[in-house]
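All values derive from a computational prediction rather than experimental measurement.
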Amino acid sequence: MRALFAGLFLPLFAAAAPPQVDWHFPMGAQRGTDLNATIGGKHNWPLQGWCEHDGVQFTATEKKGTFAVTVGKDVTPGPYLIRFHDANGTAPPRVFFVGKGPDITEAEPNNEMLKPQSVALPAVVHGQFAKAGDVDSFAFKMKAGQTLVAAMDAYTAGVSMDALMLLRDARGVKLAFNHDAHSLDPRLTWKCPRDGTYVLQMACFKFPANSTSSFGGGTGLTYRVTLTNGPYLRHAWPAAISGGEALIALRGWNLVNDTARARPQENDTELVLPIEAINGPLRLPVTGRPETVEREPNDANATANASGPVNISGRIDRPGDVDRFAFDAKKGQRYRVDLDSFKLGFLLDAELAIEDNTGKVLVTNDDANKLRDPLLNWTAPDDGRHCVRVRSLLNKGGGDYFYRLRIFQPEPAFNGTVEAPQFAVNAGATNEVKVTVNYLDGYKGKLTVTADGLPKGVTAEPVTVEKKGTATLKLIAAQDAPSHNGLLQLTLQAEGEAAPQLATVALTSSGVNNGVPQGFPEYIIPQTDRLWLTVLPPKPPEKKESSVEVKE
């Protein structure tokens with residue numbers, strides 16, 4: 001009898017996987033402080049930590065999964081991307097918040113309303129719903145006339161849960177409740193009628209939802225709650241400035257000043273204004289376009305605000321409110337009408353429409369690109385006066401139904417995107433990076449796509465494109481290329497223009513498979529140009545095992 005063992009090709013080793021980091025706790029820290037932070041997932045130890053702000057440093061300790069974190073006192077408060085990496089690659093980026101308020105870490109047991117954890121206001125509370133049915137309770141003192149603001153960061157920072165907040169008095173009487181304010185994250189505001197001690201309780205439901213109605217919990221369901229009876233900034237009015245000096249109105253609660261003077265410098269695209277508020281500063285876009293605010297009455301076509309190509313800050317003040325803005329259109333001219341509200345963390349589910357001078361609706365839009373905010377691309381059929389109409393699709397309104405509307409004639413433009421936030425190449429090998437190049441609004445011309453900041457031993461020839469499509473950059477690593485982990489920039493350069501444009505990656509979207517249906521389309525940092533490259537050691541040659549014939 002003969003048995004023949006087939007020839008097998010067996011690698012000499014199994015390549016180690018890059019680290020997997022599923023959560024980090026706490027989710028942020030006050031500037032000017034030091035703390036220990038832990039991570040969870042599958043990884044070897046130690047890992048290295050990176051933050052897009054040099055003033056935030058992560059250093060691995062001897063305890064597995066624990067980093068010593070230092071946040072510089074000069075770091076501007078706000079959300080920043082962080083990464084954890086080793087010689088095998090990097091985990092996808094996560095969000096770390098730098099705040100102004102003192103940090104408080106949740107201490108169990110605090111499930112019972114009558115046995116809450118006491119905190120002094122203002123504070124930034126860091127907690128986690130560690131097990132199914134977990135409820136976290138926090139007690140604090142308030143004085144009559146003060147307004148409480150409690151705002152959570154969780155779902156919009158990549159945590160798969162749907163949280164809620166409930167405020168009670170010392171007797172347990174329900175005073176206020178909120179479930180969804182910024183996407184699935186709750187925010188509660190309440191004006192105190194009398195001095196006393198009050199208790200904020202928080203819990204979460206499983207997300208994606210299932211058939212049960214019980215509170216959820218489990219490893220990695222972390223949150224960050226800003227809790228204050230002091231100044232809290234909501235937004236500016238208008239929400240951007242055109243470029244010149246301007247006096248900006250401030251909207252929020254308990255504000256010391258309700259205006260701020262904005263003085264942008266030449267070529268500024270964003271102005272960071274220090275504001276006396278626990279969630280400051282104010283980041284104010286500088287657009288170079290005319291900026292204005294809605295003026296009532298403008299519900300009817302006949303009383304529409306005169307506008308033209310302009311950016312408008314407005315609000316649906318009450319259920320049934322309708323805002324209209326008139327402009328003179330030219331036949332055959334293309335216009336874009338774009339509205340942001342949900343994207344900015346407000347509640348308006350808006351419908352856009354364009355009407356002719358008689359009030360006849362010519363075109364409408366509700367949700368654009370699978371997101372909650374609308375957009376219209378429209379070519380004028382006739383010369384003459386037309387109106388943009390803004391209303392709530394759900395017939396709701398109020399102070400948190402703010403929006404930013406743009407009416408303009410789009411100019412030719414281009415951009416580049418990639419599908420992943422990180423790439424890897426082995427020494428002695430080649431890897432391809434595909435850049436999707438988009439020619440927008442009639443743009444024409446050659447673009448050169450380049451990989452910049454490549455480490456020693458890695459090269460990539462630039463690729464020239466002349467139309468919409470995919471540019472494939474080949475990252476070629478020499479056999480002796482040293483191991484590397486660091487930033488990668490992919491740029492698009494137009495002929496005759498000095499400044500290149502950086503390719504970006506959408507960190508989450510309706511098409512991203514991150515365990516949540518429809519992704520996290522309202523992620524607090526929606527995209528980044530801070531890409532990452534890992535250079536790995538050479539792959540050992542594969543060993544071929546010859547066929548062996550056995551005779552009996």
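Here the options are Asn365, Val363, Leu375, Ile354, the test is side chain to side chain contact (heavy atoms under 4.5 Å, CB included), and the partner is Val337; only Ile354 passes. When Phe129, Phe97, Trp23 are each tested for a ring-ring contact (aromatic ring centres under 6.0 Å, His included) with Tyr223, only one passes: Phe129.
The environment of Gln265 atom CD is sparse: at most 12 non-hydrogen atoms of other residues, nucleotides or ligands sit within 6.0 angstrom. Enclosure of atom CD in Gln20 by more than 12 non-hydrogen atoms of other residues, nucleotides or ligands within 6.0 angstrom is indicated.
Ion pair Lys331/Asp382 not flagged as a salt bridge, since none of the NZ, NE, NH1 or NH2 atoms sits closer than 4.0 Å to an Asp/Glu carboxylate oxygen. Ion pairing between a basic and an acidic side chain is recognised when a charged N comes within 4.0 Å of a carboxylate O; Arg334 and Asp441 show such pairing. Residues Arg406 and Asp340 are paired through a salt bridge, judged by an N-O separation under 4.0 Å between the basic side chain and the carboxylate. Of the charged side-chain nitrogens involved, none lies within less than 4.0 Å of a carboxylate oxygen, so that Arg289 and Glu291 do not count as a salt-bridged pair. Salt-bridge formation is not detected for the pair Arg385/Glu355: no Lys NZ or Arg NE/NH1/NH2 atom is positioned less than 4.0 Å from an Asp or Glu carboxylate oxygen. Electrostatic pairing of Lys206 and Asp162 does not count as a salt bridge here, judged by no charged N lying under 4.0 Å from a carboxylate O. Taking a cutoff of 4.0 Å between a charged side-chain nitrogen and a carboxylate oxygen, Asp22 and Lys42 do not qualify as a salt bridge. Using a 4.0 Å cut-off between charged nitrogen and carboxylate oxygen, Arg389 and Glu351 count as a salt-bridge pair.
Expressed to the nearest 0.5 Å, how far CG of Leu405 lies from CG of Asp323 amounts to 9.0 Å. Taking CG of Leu352 as the start and CG of Leu393 as the end, the distance is 11.0 Å to the nearest 0.5 Å. Between the CG atom in Asn88 and the CG atom in Leu47 there is a gap of 9.5 Å [rounded to 0.5 Å]. Put simply, SG on Cys51 and CZ on Arg530 are 9.0 Å apart, with the number rounded to the nearest 0.5 Å. Here the OG atom belonging to Ser341 is positioned 9.5 Å from the OH atom belonging to Tyr403, to the nearest 0.5 angstrom. With values rounded to the nearest 0.5 angstrom, Asp328 atom CG is found 9.5 Å from Lys330 atom NZ.
Residues Arg404 and Leu344 meet the side-chain proximity criterion, which asks for heavy atoms closer than 4.5 Å. Looking at heavy atoms from C-beta onward, Thr464 lies out of side-chain contact with Leu447 at the 4.5 angstrom threshold. Using a 4.5 Å heavy-atom threshold, the side chains of Ile312 and Val293 count as separate. Residues Thr287 and Thr269 form no side-chain contact, since every pair of their non-hydrogen atoms from C-beta on lies 4.5 Å or further apart. With a 4.5 Å cut-off on side-chain heavy atoms, Asn415 and Leu492 do not count as touching. A heavy-atom distance below 4.5 Å is found between the side chains of Val433 and Leu490. Residues Thr470 and Val435 are not in side-chain contact: their nearest non-hydrogen atoms beyond the backbone lie 4.5 Å or more apart. Within the 4.5 Å cutoff, side-chain heavy atoms of Gln128 are placed close to those of Phe25.
Under the salt bridge (Lys or Arg N to Asp or Glu O under 4.0 Å) criterion, Asp153 pairs with Arg224, not counting sequence neighbours. Contacts of Tyr80 classified as ring-ring contact (aromatic ring centres under 6.0 Å, His included), with partners at least two apart in sequence or in another chain: His53.
A donor-acceptor pair under 3.5 Å is formed between the side chain of Gln501 and the backbone N or O of Phe414. Judged by distance alone, with hydrogens and angles left aside, the side-chain atoms of Glu432 form no donor-acceptor pair with the main-chain N or O of Leu475 at under 3.5 Å. Judged by distance alone, the side chain of Gln527 and the main-chain N or O of Val505 form no donor-acceptor pair under 3.5 Å. With hydrogens and angles ignored, the 3.5 Å screen pairs a side-chain donor or acceptor of Thr61 with a backbone N or O of Thr66.
Under the 3.5 Å distance criterion, with hydrogens and angles disregarded, a donor-acceptor pair is assigned to the side chains of His24 and Arg94. In summary, the side chains of Gln48 and Arg83 do not present any donor paired with an acceptor at a separation below 3.5 Å, with no hydrogens or angles considered. One side chain, Asn485 or Thr534, offers a donor N or O that lies under 3.5 Å from an acceptor on the other.
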* Asked: Between Trp50 and Gln57, does a side chain to side chain contact (heavy atoms under 4.5 Å, CB included) hold up when you go through it step by step?
  -> CA-CA 7 Å; Trp50 169 90; Gln57 297 291 324; over 6 Å; no

* Using the side chain to side chain contact (heavy atoms under 4.5 Å, CB included) rule, take Ile525 and Leu507 through it: C-alpha gap first, then chi angles, then the decisive distance, then the call. => CA-CA 8 Å; Ile525 303 179; Leu507 296 179; 4.1 Å; yes

* Asked: Which is it for Val418 and Leu531 under the side chain to side chain contact (heavy atoms under 4.5 Å, CB included) test, yes or no, and what are the steps along the way?
  -> CA-CA 9 Å; Val418 293; Leu531 309 176; 4.1 Å; yes

* To do: Evaluate the criterion side chain to side chain contact (heavy atoms under 4.5 Å, CB included) for residue pair Leu233 and Leu282; output intermediate values, then yes/no.
  => CA-CA 8 Å; Leu233 179 66; Leu282 170 64; 3.7 Å; yes

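Pro290 and Val310 get closest at one heavy-atom pair: O-CG2, 3.5 Å. Scanning all heavy atoms of the two residues, the minimum distance from Asp185 to Thr156 falls at OD2-OG1, 2.7 Å. Across Arg391 and Ile316, no two heavy atoms sit closer than the pair CA-CD1, 4.2 Å. Listed here is the closest heavy atom pair of Leu339 and Asp373: O-CB, 3.2 Å. The two residues Asn426 and Pro537 come nearest to each other via the heavy atoms ND2-O, 2.7 Å. Scanning both residues, Tyr155 and Met161, for their nearest heavy atoms gives CB-O, 3.7 Å.
In this structure, the ring of Phe346 has its center less than 6.0 angstrom from the ring center of Phe402. For an aromatic pair to be called close, the ring centres must be under 6.0 Å apart, and His386 with Tyr335 fails this.
In this pair, Trp45 and Phe67 present their aromatic rings perpendicular. The plane angle is above 60°, beyond the 30 to 60° band. Between Phe84 and Phe58, the ring planes are perpendicular. Angles over 60° get that label, and only those under 30° would be called parallel.
Applying the side-chain hydrogen bond (donor to acceptor under 3.5 Å, both in side chains) test to pairs two or more places apart or on separate chains, those with a residue in residues 442-454 are Asp452-Thr491.
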